[in-house]
Amino acid sequence: MNDLVLHLDNIQKNFGGLKALSDVNLQVEEGTTHAIIGPNGAGKSTLLNVCIGRLKPDAGHVTFDGQELTGRKPHEIAQMGVARVFQTPEIFPEMSLLENVMLPAFSKRDGAFNMNAHKLLSRQSEIRAEAEHILEDVGLQEQITQEAGSLSRGDKRRLELGMCLILRPRLLLLDEPTAGMSRHDTNRTIDLLKKIKSRGMTKVIIEHDMHVVFSLADKVSVLARGQIIAGGTPEEVREDPKVKEAYLGGAH
Amino acid sequence: MSNMNVGKMNDLTRFLIFAVAILTMPIWMDPFGGNYPDLLQKFAIYGIFAIGFNILFGLTGYLSFGHAAFLGVGSYAAIWSFKLFTMNVIPALFFSVLFAGVLAFIIGQLSLRRTGIYFSILTLAFAQMFYSLAYSVLTPITNGETGLQLAHSDPRMIDSLFFEAGAGLPSTTLFGLKMSGYSGFYFCAVLLIVGFFVSMRIFRSPFGLMLKGIKSNQNRMMYTGLNTKPYMLTAFVISGMYAGLAGSLLAITDPIAGAERMQWTASGEVVLMTILGGVGTLAGPVIGAGLIKYFENIFSAFNDTVLAEIFSFLPEAMVDYAVTIAGLFVGSGWHLTLGLLFVVVVIFLPGGIVEGAGKLVKLVSKREKSTGGSVTQQDQPGE
C-alpha cells in the first residue's frame with residue numbers, strides 16, 4: 001500500500017439534531033484520485049469543509065501527511081499543501097486573471113504573511129511568468145488582463161483551478177468541478193485533471209457526473225446520510241447493491 | 001515586457017503631474033480665491049490624511065470611523081515635543097507618527113476582530129472614547145476644553161541649551177526656517193508628495209495586491225494560505241501613521257491642539273473626502289480633501305453682497321430673489337451645497353470625481369474613435 005496523504009478517522013459532525021457526518025473513515029493514498037459520490041445532502045461538502053478547517057468536527061481526527069489538521073486555521077492548512085476548488089468559484093472578481101493567479105503565487109513563495117510593500121508587482125517577472133504558464137495550462141491565456149468577474153461560470157472554475165494549481169498543493173480537493181459545464185467544457189476539464197494526475201498530485205473529487213468519476217477516479221467512496229456505505233475501485237462500486245439502493249431510494 | 005514599461009512610465013508621469021500640480025498650487029489657486037497660506041496648508045495636510053485613510057478604506061474596504069483619534073494624537077504629540085524639547089519640527093513629526101502608530105496598533109488589534117459595520121462601530125467607539133478622555137480625564141496632558149498651547153514657561157530643554165528665550169512665544173521652525181506662511185505650505189506640500197509616492201508604491205506592490213484580495217474575497221485569501229489579520233493590521237497602522245503625520249502638520253502650522261480635532265465629525269470628514277474624490281484611486285482622496293476644504297473656507301465666506309455682485313447681470317427685480325435662493329447654499333449654508341454634491345457623486349458617480357473624469361475622457365475618446373471609424377467604414381463596401 002502507498003503512503004496515506006489524507007486520513008479521516010471517525011469524523012463526526014452534527015448540525016443541531018442533524019447528523020451530517022457520522023463515523024466517517026476515509027483513507028486517500030498518495031498520487032491517487034479519490035472520488036466521493038453520493039446523493040444530494042449526503043454530507044459531501046461538509047466532509048471537504050472539515051478537511052480545510054472551515055468546520056471543526058465534533059469528534060474524530062483529520063491527518064494530512066501524518067500531521068494533525070483538526071483545530072488548525074484554514075490558512076495554516078493551506079500552507080501545509082491542501083488546496084480546494086469550491087462549488088461556487090471563489091475568485092477575486094475585481095482583479096484581472098493575471099492578478100488572480102499571481103496572488104496565490106506570492107502565498108506559495110512568501111508564506112502566510114510577508115511585508116513586501118517596497119517591491120513592485122511589475123518587477124516580479126518570475127511570478128508573472130509562472131502565472132502566465134498556469135493560465136495557459138487551464139486555457140485562459142488569451143484574456144489575462146480581463147476582469148475575472150466577467151468570465152463565464154465555466155471559465156471561473158478553470159481560473160479557480162489555476163489559482164489552486166499554482167500553489168502546487170500535495171492534496172487538491174475539488175467540489176463538483178464540472179457542475180453546470182457543457183459536455184465539451186467537461187471533457188476539457190477532465191483532460192486537464194488527467195494532466196495534473198501525471199504530475200503526481202493527490203486529488204479528492206466530489207462529483208455527480210458518473211462520466212467524470214469513471215474517467216478520473218482510481219478509488220470511489222460512496223457517502224449516504226453522513227456515512228460511507230461503500231468503497232473500492234469504480235467497477236466494484238458500480239456493482240454494489242447498496243450503492244444502487246442509496247441512489248434509487250434516496251433523493252431520486 | 002513593453003507593457004510593463006508603459007505601466008511604469010504612466011506611474012512616473014502620474015507622479016510628476018501630481019508633484020507639479022501641488023507645488024504650483026499658489027499660482028493656479030489664485031483665480032479661485034484660494035491662494036493664501038492657511039488654506040493651502042490645509043489642502044496639503046488633509047490631502048495627507050485622506051491618502052492614508054484611502055490605503056485602509058480604498059484597498060481593504062474596511063471603513064474606519066475613528067481616524068480622527070490618530071489625527072488628534074499626532075497634534076498633541078507635536079505640541080508636547082515643542083513644549084518639552086525643541087521648536088524644531090523634525091522631532092515633532094517623529095513623535096506624532098510614532099504615537100499615532102502605536103495607538104493604531106492597539107485600536108487595530110481590537111477592532112479588527114470584527115468586520116463590516118461592527119468594525120466601523122468599534123473604531124468609532126474607540127475614537128469617541130479618546131475624544132472624551134482628551135476633553136476631561138486627561139486634562140493634565142491635553143489641557144481639556146481650552147486646548148493645548150505653547151507657553152512662555154515651557155522648558156524646551158534642547159532649545160534652551162542653544163538660545164536665550166525671546167520675549168514672545170517662539171515659532172515652529174525647520175532648522176531656522178519658520179513654518180508659517182508659504183514656507184509652511186511648501187513643507188506640507190513636500191510631505192504630501194512623499195506621502196503620495198509611498199501610497200503609490202503600496203498600491204503597486206505585492207502587499208497592495210494582498211490588501212485588494214482582502215477587499216475582494218477573504219475566503220479565497222484564507223484557503224490560499226494567507227493570514228489576513230497581519231495584513232489588515234499593517235494597513236491600519238500605516239493609515240494611522242498618515243493621520244498622525246497630518247495631525248503633526250496641523251500643530252506645526254498652528255501650534256494649538258484641541259480635543260474637537262478627535263471628534264467623530266472629523267472622522268466622518270475624511271470618509272467624505274475619500275468617497276467624494278474616489279475610493280481606491282490614487283489622487284482621488286487629495287482632490288476630495290481639497291474640495292471639502294475649499295468649500296469650508298471659500299464658499300462659506302460668500303455673503304449677500306458677493307452674491308448680488310455675481311447676479312448683477314439680472315434685471316434688478318430678480319436680483320433679490322436670486323440672492324435669497326443662492327444665499328441658502330453659501331455662507332453658513334455651505335454644508336447644504338456639500339451635501340448635495342455628495343449625494344450627486346454617490347448616486348451618479350459611485351467611483352467619485354476621479355472615476356467621473358475617467359468616464360468623461362473615455363466618452364470623448366470613444367466619440368473621436370467612432371467618427372474615425374465611420375470614415376473607414378465608408379471606405380469598405382457595404383454588406
Side-chain angles (χ1 to χ4, degrees), chain A residues 48-49 52-54 73-86 88-96 98-125 127-129 144-145 148-149 160 163-164 166-167 169 173, chain B residues 1-12 15 55-56 58-61 197-239 241-242 279-281 350-351 355:
Chain A
L48 289 197
N49 283 338
I52 58 167
R54 190 181 236 184
K73 294 203 173 111
H75 72 259
E76 293 169 344
I77 294 174
Q79 282 292 343
M80 287 164 75
V82 182
R84 172 170 178 188
V85 174
F86 288 82
T88 14
E90 295 271 8
I91 55 168
F92 302 112
E94 298 86 359
M95 295 185 193
S96 71
L98 190 64
E99 285 174 321
N100 263 279
V101 185
M102 278 174 81
L103 196 149
F106 283 114
S107 165
K108 175 75 183 171
R109 192 189 70 183
D110 301 335
F113 173 70
N114 194 305
M115 187 55 225
N116 39 20
H118 56 285
K119 292 178 194 154
L120 276 171
L121 271 181
S122 53
R123 296 261 173 86
Q124 306 290 316
S125 41
I127 295 262
R128 190 190 157 114
I144 58 171
T145 54
E160 194 189 20
M163 293 162 77
C164 289
I166 205 165
L167 290 167
L173 310 173
Chain B
M1 278 308 263
S2 64
N3 238 343
M4 279 187 212
N5 284 332
V6 172
K8 218 169 70 191
M9 269 293 284
N10 276 344
D11 269 355
L12 184 65
F15 173 69
I55 291 176
L56 181 71
L59 284 177
T60 71
F197 179 75
V198 171
S199 140
M200 196 167 84
R201 287 297 299 252
I202 289 176
F203 269 65
R204 302 286 186 247
S205 70
F207 175 73
L209 185 68
M210 297 300 170
L211 298 184
K212 286 180 200 162
I214 290 172
K215 182 178 185 177
S216 180
N217 189 342
Q218 290 231 29
N219 266 336
R220 183 31 88 196
M221 291 294 281
M222 274 196 303
Y223 299 121
T224 299
L226 292 157
N227 192 0
T228 51
K229 183 82 188 282
Y231 280 108
M232 288 300 313
L233 190 60
T234 315
F236 195 83
V237 170
I238 291 173
S239 78
M241 285 161 87
Y242 268 80
V279 182
T281 61
E355 198 194 82

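Naming convention: chains lettered A, B, ... in sequence-line order (proteins, then strands); numbering from 1 in each chain. What you see below is based on every heavy atom in this structure, not just the backbone, and it leaves out hydrogens, waters and symmetry mates. These numbers were taken from a predicted model, which means no experiment stands behind them.
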Winner by heavy-atom pair count (cut-off under 4.5 Å) against chain B, out of [options]:
| options | value |
| --- | --- |
| A:Pro93, A:Pro74, A:Ala112, A:Ala78 | A:Ala112 |
| A:Pro169, A:Pro104, A:Ala117, A:Gly53 | A:Ala117 |
| A:Met163, A:Met115, A:Arg84 | A:Met115 |

Hits for side-chain contact (heavy atoms from CB on, under 4.5 Å) against B:Met221, two or more places apart or cross-chain, chain-then-number order -> A:Phe92, A:Leu103, B:Met210, B:Ile214, B:Leu226, B:Thr228

Under the rule for side-chain contact (heavy atoms from CB on, under 4.5 Å), what residues qualify as partners of A:Thr88, not counting sequence neighbours?
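A:Thr88 satisfies side-chain contact (heavy atoms from CB on, under 4.5 Å) with A:Arg153 only.
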
| message | Side chains of B:Asp11 and B:Phe203, heavy atoms from C-beta outward: is any pair under 4.5 Å? | response | no

query = Tell me, side chain or backbone of A:Met80 under 4.5 Å from chain B's heavy atoms, or both, or neither?
reply =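 Neither; nothing under 4.5 Å.
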
Under 4.5 Å to a heavy atom of chain B? For A:Ile91 that would be backbone

- Can you tell which of B:Thr234, B:Val198, B:Ile238 has the highest number of heavy-atom pairs within less than 4.5 Å of chain A?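 Greatest number of close heavy-atom pairs with chain A: B:Thr234.
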
Practice item. Indicate the ring-plane relationship of B:Tyr231 and A:Phe113, choosing parallel, tilted or perpendicular according to the 30° and 60° boundaries. Key: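 If you compare the ring of B:Tyr231 with that of A:Phe113, the planes turn out perpendicular.
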
Review point. Ignoring hydrogens and geometry, is there a side-chain-to-backbone donor-acceptor pair from B:Ser239 to B:Leu56 under 3.5 Å?
Key: no

